[in-house]
Trainee: 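Below you will find the structure I want to go over with you.
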There are 2 protein chains.
Amino acid sequence: MEPTPHILVVDDEREIREPLAKYLVKNGLRASIAAGGVDARKEIKTSAIDLVVLDIMMPGEDGLSLCRHLRETTDIPVILLTAMAEDTDRVVGLEIGADDYLTKPFNPRELLARIKAVLRRARSVPRPREAMEGERLRFGGWVLDMNRRELIGNDGVAAPLSTAEFKLLAVFLQRPGIVLSREQLLDLTSGRGAEVFDRAIDNQVSRLRRKVEADPKNPVLVKTVWGGGYMFTAEVEQVS
Amino acid sequence: MEPTPHILVVDDEREIREPLAKYLVKNGLRASIAAGGVDARKEIKTSAIDLVVLDIMMPGEDGLSLCRHLRETTDIPVILLTAMAEDTDRVVGLEIGADDYLTKPFNPRELLARIKAVLRRARSVPRPREAMEGERLRFGGWVLDMNRRELIGNDGVAAPLSTAEFKLLAVFLQRPGIVLSREQLLDLTSGRGAEVFDRAIDNQVSRLRRKVEADPKNPVLVKTVWGGGYMFTAEVEQVS
DNA sequence: GAAAACTTGTAACGAAATGTGCCAGGCCAG
DNA sequence: CTGGCCTGGCACATTTCGTTACAAGTTTTC
């Protein structure tokens, strides 16, 4: 029933992040990797990341800075990896808002236990992440009410949306102008990974188009990116 | 304003628990002490403890046992103190449900940081409001009187609610905008776990809709989330 | 104290939502 | 221009949900 948690491992050293990701996958989690702050931000925007494992010492954007950013803009839990065993570093890390930290070198089994512990705590908290983004979003001739889960036309008439349609539309509206692969959409809508040759998203996009596009044969809002996925192309503005 | 968090320090050694409690008080927290499992249970029963700092190695009742008990019967966060730095011990502690742990000897400042981190997380969990008694909640075109267990329409006419219907509605009103699974609803309304394929909640929701929804075929207040459960979608405000 | 009224859980069936298989047609590389 | 890969959309299978009917338990009424 619960979708498999999706972990993002951020470390500049490939010899660390790749085996670590593999280890997590082998132990029943899903895992993505990022080599630095830029990659990490992109991944978080386009995937449904449930937890970030973050090396504190990285070239380019510092780990602490990324951690601070995550804490300010999301509720995604963070576990820090630190090379030094200094008390001060630990305290700074926790004070900045990390949920836990580990000192390198660490036992992968312990990291796994901590990930599960943090997730267990986080899972009990209903995540207001997306719903908080905006209460009502206007696009094309429509307004999507995120709280009431309703799509309202310019004439004020509500168009009924199924759960999957609503979720898919919400994902698009929160990421306009960004190409989203089928796998990313599947992750963002239902939290699961893609099976081999998964056409579920195609179908949902088709159904969504039938409801929101004036001419479903010539989609204007949700464009197909050949070989890439789908992209929402329209202004999205917040409505009070 | 937030009340000062109340910490319970459980350790069999007086040279540890007393200075520790003093240190916490000096740093803006309230602290109580207990020398063992029996004291600790009594203290938790009679005080509003917000967090427990617990030595894992104690004569009499073991720390782990107390931790497990706390996890099963309360939501109070636990930070474990362990004498050994063994990986396995750490893992066991986290798996048993502790929120964090520290290895002795530890830096008091670090313990303080961790206490604050755990409290910050715990506080963000929307705890079901306690003083719900004597309140009246307005939603849609209705007012639910929690005292009289009555549902009053905008025309002032009371609609009779059965016990289960009232309980279900109250649960929804206390958690608007949150998807509640069938299992959660069953737990919150009648305190029991879900049997295999329990459709009792579906029925209750259906009955509730028939009473509160203007058009039960197109529910506006209680929306169903396909594959997820149900969600109350409407503003809830208190009425004096 | 017994019958009637009401409540609530269980079963069952049809309806709705969603995923999968398939094929025709579109898009791109060579 | 042609073959291969990708997408759109239909039909169908599967899962999940809404509603009704009914039975068992509970409260009320006389």
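Naming convention: chains lettered A, B, ... in sequence-line order (proteins, then strands); numbering from 1 in each chain.
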Trainee: What is the separation between atom CD1 on B:Ile201 and atom P on D:dC17, rounded to the nearest whole Å?
Mentor: 12 Å
Trainee: Taking for each residue the nucleotide of DNA chain C bearing the nearest heavy atom, is the 5' side occupied by B:Gln204 or by A:Ser162?
Mentor: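 The answer here is B:Gln204.
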Trainee: Run the side-chain contact (heavy atoms from CB on, under 4.5 Å) test against B:Asp215 and tell me which residues pass, sequence neighbours left out.
Mentor: B:Lys217, B:Asn218
Trainee: Between C1' on C:dT8 and CZ on B:Phe166, what's the gap in Å once rounded to a whole number?
Mentor: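 Nearest whole value for this atom pair: 17 Å.
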Trainee: Considering only residues two or more places apart or on different chains, which pairs with a residue in residues 225-240 of chain B satisfy salt bridge (charged side-chain N to carboxylate O under 4.0 Å, His left out)?
Mentor: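 Listed by first then second residue: B:Arg138-B:Glu237.
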Trainee: Take atom CD of A:Glu213 and atom C1' of D:dG9, then tell me their distance rounded to the nearest Å.
Mentor: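 Roughly 15 Å, once rounded to whole Å.
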Trainee: Using a distance-only test with no angle check, is there a side-chain donor-acceptor pair under 3.5 angstrom linking A:Ser47 and A:His6?
Mentor: no
Trainee: What is the distance, rounded to the nearest whole Å, between atom CG of A:Leu161 and atom C1' of C:dT18?
Mentor: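 So the CG-C1' distance, A:Leu161 to C:dT18, works out to 15 Å.
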Trainee: Can you sort out the partners of B:Asn203 under side-chain contact (heavy atoms from CB on, under 4.5 Å), two or more places apart, ordered by chain and number?
Mentor: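 Result, side-chain contact (heavy atoms from CB on, under 4.5 Å) vs B:Asn203: B:Arg207.
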Trainee: Return the set of residues passing side-chain contact (heavy atoms from CB on, under 4.5 Å) with B:Pro176 (not counting sequence neighbours), or none when no residue passes.
Mentor: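 Expected list: B:Phe232, B:Val236.
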Trainee: Looking at five pairs on each end of the helix from C:dG1-D:dC30 to C:dG30-D:dC1, what is the angle between the two axes, given to 10 degrees?
Mentor: 30°
Trainee: Which pairs pass side-chain hydrogen bond (donor to acceptor under 3.5 Å, both in side chains) with one or both residues in residues 219-229 of chain A, sequence neighbours excluded?
Mentor: A:Arg209-A:Thr224
Trainee: Identify the heavy atoms of A:Ile7 and A:Leu29 that sit nearest to each other, and give their distance.
Mentor: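 Of all heavy-atom pairs spanning A:Ile7 and A:Leu29, the closest is CG1-CD1, 4.0 Å.
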Trainee: Indicate every side-chain donor-acceptor pair of residues 16-23 of chain A with a distance under 3.5 Å to a residue at least two apart or in another chain.
Mentor:
{"from": "A:Arg17", "atom 1": "NH1", "to": "A:Asp11", "atom 2": "O", "distance (Å)": "3.0"}
{"from": "A:Arg17", "atom 1": "NH1", "to": "A:Asp12", "atom 2": "O", "distance (Å)": "3.2"}

Trainee: Take A:Ser190 and B:Pro160, find for each the nucleotide of DNA chain C with the closest heavy atom, and name the residue whose nucleotide sits nearer the 5' end.
Mentor: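 Nearer the 5' end of the strand: B:Pro160.
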Trainee: Less than 4.0 Å between a side-chain N and a carboxylate O, is that true for A:Arg182 and A:Asp202?
Mentor: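 Answer for the salt bridge query: yes.
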Trainee: Whole angstrom is fine here: how far is it from NZ in A:Lys223 over to C1' in D:dG8?
Mentor: 17 Å
Trainee: Is there a side-chain contact between A:Thr224 and the phosphate of D:dG8, meaning an N or O under 4.0 Å from OP1 or OP2?
Mentor: yes
Trainee: Rounded to the Å, how far apart are A:Leu186 CG and C:dG19 P?
Mentor: 8 Å
Trainee: Given C:dT10, D:dT7, C:dT8, identify the nucleotide with an atom nearest to the side chain of B:Ala164.
Mentor: C:dT8
Trainee: Whole-Å distance between D:dT16 C1' and B:Asp198 CG?
Mentor: 15 Å
Trainee: Quickly work out the B:Arg182 CZ to D:dC17 C1' distance and round it to whole Å.
Mentor: 7 Å
Trainee: Could you list the residues that satisfy salt bridge (charged side-chain N to carboxylate O under 4.0 Å, His left out) with A:Arg148, not counting sequence neighbours?
Mentor: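 Per chain and number, A:Arg148 pairs via salt bridge (charged side-chain N to carboxylate O under 4.0 Å, His left out) with A:Asp145.
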Trainee: List the atom pairs, with distances to 0.1 Å, where a side-chain N or O of residues 162-170 of chain B and a protein N or O form a donor-acceptor pair under 3.5 Å, not counting sequence neighbours.
Mentor:
{"from": "B:Ser162", "atom 1": "OG", "to": "B:Glu165", "atom 2": "N", "distance (Å)": "3.3"}
{"from": "B:Ser162", "atom 1": "OG", "to": "B:Glu165", "atom 2": "OE1", "distance (Å)": "3.4"}
{"from": "B:Glu165", "atom 1": "OE1", "to": "B:Ser162", "atom 2": "N", "distance (Å)": "2.9"}
{"from": "B:Glu165", "atom 1": "OE1", "to": "B:Lys211", "atom 2": "NZ", "distance (Å)": "2.8"}

Trainee: A:Val225: what forms a side-chain contact (heavy atoms from CB on, under 4.5 Å) with it, not counting sequence neighbours?
Mentor: A:Val179, A:Met231
Trainee: Name the nucleic acid region contacted by A:Tyr230, choosing base, sugar-phosphate or nothing; use a 4.0 angstrom heavy-atom cut-off, strictly under.
Mentor: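 A:Tyr230: backbone/sugar contact only, no base atoms under 4.0 Å.
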Trainee: Report all interatomic pairs (protein N or O, nucleotide N or O of nucleotides 28-30 of chain C) with separations under 3.5 Å.
Mentor:
none

Trainee: Between the protein and nucleotides 19-29 of chain D, list every N/O to N/O distance that falls short of 3.5 Å.
Mentor:
{"from": "D:dT19", "atom 1": "OP2", "to": "B:Ser206", "atom 2": "OG", "distance (Å)": "3.1"}
{"from": "D:dT20", "atom 1": "O4", "to": "B:Asn203", "atom 2": "ND2", "distance (Å)": "3.2"}

